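All values derive from a computational prediction rather than experimental measurement. First listed ligand is number 1; within each ligand, the first listed atom is number 1.
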Amino acid sequence: GAPIQLDVSELEPGEQITAEWRGQPIWVLKRDDEMLRTLASENLLDRLRDPDSEVRTQQPGYAKNEMRSLKPEYFICIAICTHLGCVPVYRPERGAPDIDKDWQGGYFCPCHKSKFDLAGRVFKGVPAPVNLVIPPHSYVDEETLVIG
Ligand code: FES
């Protein structure tokens, strides 16, 4: 499939849109400052299976960083659970007793209860084995994103 181009200038902090690339749903989330702080907190990192994105198949080299993206505020991810392929749900709120008593915002897969943070990193103790996949992406200018 051909690369797709998206204008992300209208996204509000905390807002997520879904696009399609190669027949797959892709999320583009504009993370706010609080989300970025949470993603860097020790307390969260301790609960993740692969906090440093060591599994190479799950992201391009330039997204093997703390926020798993080229620009910290924009998170681009293939919206397919790495367990058996369901589409997880965006649950950005802090505190979600139906998911986890310590929930700090992330993605929840309703099929078998896998949990991911807002960088698509999988929590320990859930069925999904690895982090969500980050597709190849780049920017042609400040706010025009290319996926593919
Ligand atoms: Fe997501 Fe099984 S497909 S937890």
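- Every atom of ligand 1 is numbered from 1 in the order shown, and the set under 4.0 Å from a heavy atom of Cys86 is 3 (S).
- A donor-acceptor contact shorter than 3.5 Å is absent between the side chain of Lys30 and the backbone of Ile17.
- Checked against His137 for a ring-ring contact (aromatic ring centres under 6.0 Å, His included), the options Tyr74, Tyr62, Trp27 give a single hit: Tyr62.
- Distance check for Cys109 and Cys86: the SG atoms are not under the 2.5 Å cut-off.
- Here the two rings, on Tyr90 and Tyr107, have centers that are under 6.0 Å apart.
- In summary, His83 places an N/O/S atom under 2.8 Å from atom 2 (Fe) of ligand 1, meeting the contact criterion.
- Among protein heavy atoms, the minimum distance from atom 3 (S) of ligand 1 is reached at Leu84 N, 3.2 Å.
- Residues Ser41 and Asn43 bring no donor and acceptor atom of their side chains to less than 3.5 Å of each other.
- Near Ser114, meaning under 4.0 Å from any of its heavy atoms, are these atoms of ligand 1: 4 (S).
- Heavy-atom contacts of Cys81 reach the following atoms of ligand 1: 1 (Fe), 3 (S), 4 (S) (cutoff under 4.0 Å).
- Inclusion of His112 in the first shell of atom 2 (Fe) of ligand 1 is supported: an N, O or S atom falls under 2.8 Å.
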